[in-house]
Amino acid sequence: MHSACVLKGPVVSTFPATKVHCQQPLRILIVDVTSPSWANTCSVLSEALENTLCLAHSLTGPCRVPLLSLYVVQNQQECLLPFTQVKENFARIQACISELRSLPREGCFLQGGNGVVQAVQDGLQQFKQYSRHTTAGSSANSSVEITILTSQSSQEMAKQLEKKLKDVDLVSLRSIQVIEVLKRDFLQPEDVEQHMPAEEPDSNDIAILGMDIDVQTVEDNVISLEMLFKSWLHDYSTEREHLHLLLPSGGFSHATAPKTTLMCLKCDLQERLLDPALLSGTADGTMRAADVSSPCQMAAWPATVLHKLRVVKALKSEGVCESVLYGLPFIIKPTSCWQLDWDELETNQHAFHALCHSLLKRKWMLLARREPQTTGPNWNTVVHSYYIIVPSDSATLLVKAIAVRELLLPSTFPALLPEHPERVQGPVESALNSLEVEVAYNPLHLKSNLYKYLKSTLYKPLHSVRSCPSGVHSCSVPVLQHQSRAKATVAPLLMAPSPAQAFRPAAARRDSCERSLLPKEYEEFLQ
């Protein structure tokens, strides 16, 4: 088998997408800048946040971070960014991050106090006002998630929140994350992965009015914080499971069981990678990726319909040639759909774990056929797509599209010569011996300058916004304008001003009046 030869066809492995409201929660980020190590945290946090938001802005389709609000906690809480659409307002977001970078460094603020709790309360009030002024009856963006970054003890802060918020209405609050930022010197990328926030973090959750406060720790470096913010890009809809994995039932005798009886495992799909095709268009997302109406394509984000994969065969792991696999991989997990009762969720999870264990033990993969969603105009002709399901030593499965007869092209694979002249073999061996050898591939070690490219295409100086005709706003979503930036009290809802009005330049209150919104490295890139 030619496992090193991977088929890269024009067909992308995506589930068919349909047009639905985005169910991603609104985001409130609260940054506690009273840390004694804020000087270092400031730069890495700003870079990680800007990297993630430029991705969120550039991805086509529904925005994965629909609205964002940013608070900083000094001696008092301060709202740097009221709820703002990420997709339409990157200049405003860059201005906010620029102001975050310019905040005073170590020793300027006293640690402790109720600033974080007050910022949480103010953010919830802001969300209430936003909800009242959005379309009545709309189910989109009906919840908010709050992330708190601090160098204080996350456990102590969670206890403070539990105590102070016991009388606050938390119905629309999806969750609170308290992230304790730990300083580590000389951290290597391979050491970072174990500290990156996972989808199911090993953390101590504190219950507060039926909701858990998620307590985590994260390393004080760009990679770890970037992975924390990138978790926002996952699909957060839990209204229903994403996938039904259908296997032949083994719980009945062959004499009595109908042939149509199937075992159904209810699963969720998760992306392992962002599809580069979603970034290949213009920065404002006007160019669509590949047509997802094809029966040979799949998309896991957003999860818009229930997909069904019927297992038709088991395959020996060594018998699958990688050259016939194509498209992006997706991770399959047991579902966390809240509409299922607890007993069903638990039974489903145990069955999923048993399947993973059995496949590993037998060294099998599964061949599955996707069942058609609906009958189209040509209902008598159904085009089937097939997928390979691969086990791992974790409680997850990997699914990738596999080629069928119609897609396969003729190829010849000449046999290797048994012997080679020494004059040829010697230089080849010498060249290979000069290469650095790593035990495993770590994608965190490689950069492509994608962030720098995206920022250069999205960068728009504030003076270009000032030339907009009177009455035209760069953001059509209502946001909350604060009467006092120093004390974030919620004021009546107003239309968003231009970025030039929304933020006074940090330089105006400090040293220089001509500061760029981008770090110096990006100014050089733009020249």
Side-chain angles (χ1 to χ4, degrees), residues 1-17 242-248 262 265 267-278 280 289-301 305 307-333 352 355-356 358-373 378 381-394 396-417 440-441 443 446:
M1 291 297 172
H2 305 273
S3 59
C5 176
V6 180
L7 180 66
K8 295 184 179 179
V11 184
V12 180
S13 172
T14 54
F15 282 121
H242 303 163
L243 170 71
H244 283 180
L245 186 58
L246 307 175
L247 297 103
L262 296 171
L265 296 182
C267 310
D268 290 336
L269 286 172
Q270 187 180 84
E271 292 167 295
R272 183 68 175 99
L273 313 167
L274 288 174
D275 185 353
L278 298 179
S280 61
D291 180 14
V292 293
S293 62
S294 165
C296 297
Q297 297 185 357
M298 292 169 42
W301 203 102
V305 292
H307 308 291
K308 295 181 180 180
L309 290 181
R310 182 191 290 258
V311 175
V312 293
K313 281 184 182 179
L315 302 170
K316 293 286 188 180
S317 297
E318 65 271 17
V320 178
C321 177
E322 289 189 27
S323 69
V324 296
L325 304 179
Y326 66 92
L328 291 176
F330 295 109
I331 295 171
I332 301 178
K333 296 182 173 184
F352 187 92
L355 174 64
C356 296
S358 297
L359 290 176
L360 275 178
K361 183 180 178 181
R362 296 169 184 242
K363 297 182 180 180
W364 280 7
M365 298 180 181
L366 298 178
L367 180 65
R369 180 182 67 232
R370 196 181 78 203
E371 299 293 273
Q373 298 295 332
N378 299 324
T381 304
V382 177
V383 178
H384 294 290
S385 54
Y386 288 83
Y387 300 87
I388 199 78
I389 296 172
V390 185
S392 72
D393 53 5
S394 68
T396 61
L397 299 170
L398 193 72
V399 59
K400 288 198 71 172
I402 191 166
V404 292
R405 169 184 168 183
E406 293 90 338
L407 297 179
L408 199 63
L409 293 174
S411 300
T412 57
F413 301 100
L416 283 172
L417 297 175
Y441 171 69
L446 294 183

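Index from 1, following the sequence.
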Exercise for review: Answer whether the closest heavy-atom distance between the side chains of His384 and Val382 falls below 4.5 Å.
Suggested key: yes
Check your understanding: Out of curiosity, Ser323 OG to Leu408 CG, how far, rounded to the nearest 0.5 Å?
Key -> 7.5 Å
Review point. Crowded around Leu416 CG? As in, over 12 foreign heavy atoms under 6.0 Å?
Key: no
Review point. Shortest non-hydrogen contact from Gly327 to Lys400?
Key: O-CE, 3.4 Å
Review point. So, for Val312 and Tyr386, which heavy atoms are closest and what is the spacing to 0.1 Å?
Key: CG2-CE2, 4.5 Å
Practice item. Rounded to the nearest 0.5 Å, what's the gap from CZ on Arg362 to NZ on Lys316? Could you check? Key: 9.0 Å
Exercise for review: Might you point out which heavy atoms bring Leu265 and Leu355 nearest each other, and give the distance in Å?
Suggested key: CD1-CD2, 3.6 Å
Practice item. Compare all side-chain heavy atoms of Leu243 with those of Val399 and state whether any distance is below 4.5 angstrom. Key: no
Practice item. Compare all side-chain heavy atoms of Leu246 with those of Leu309 and state whether any distance is below 4.5 angstrom. Key: no
Check your understanding: If you measure from CZ on Arg369 to CD1 on Ile402, what distance do you get to the nearest 0.5 Å?
Key -> 14.5 Å
Point to revise | Closest heavy-atom pair and its distance - Cys356, Pro391 | key: O-CB, 4.3 Å
Point to revise | Side-chain heavy atoms of Asp268 within contact of Gln270, under 4.5 Å | key: no
Review point. Would Ile331 and Leu398 satisfy side-chain contact (heavy atoms from CB on, under 4.5 Å), going step by step from the backbone distance to the final call?
Key: CA-CA 5 Å; Ile331 295 171; Leu398 193 72; 4.3 Å; yes
Practice item. Work out which heavy atom in Cys321 is nearest to a heavy atom in Val324; give both atom names and the distance. Key: O-CG2, 3.0 Å
**Study point:** Rounded distance [0.5 Å steps], CE in Met365 versus CD in Glu318
**Key:** 9.0 Å
**Study point:** From Leu367 atom CG to Ile388 atom CD1, the distance as rounded to the nearest 0.5 Å
**Key:** 5.5 Å
Check your understanding: So, do Ile332 and Leu269 sit near enough that their side-chain heavy atoms are less than 4.5 Å apart?
Key -> yes
**Study point:** Within-4.5 Å side-chain heavy-atom neighbours: Leu397 and Leu359
**Key:** yes
Review point. Can you tell me how far CZ of Arg272 sits from CZ of Phe330, rounded to the nearest 0.5 angstrom?
Key: 13.0 Å
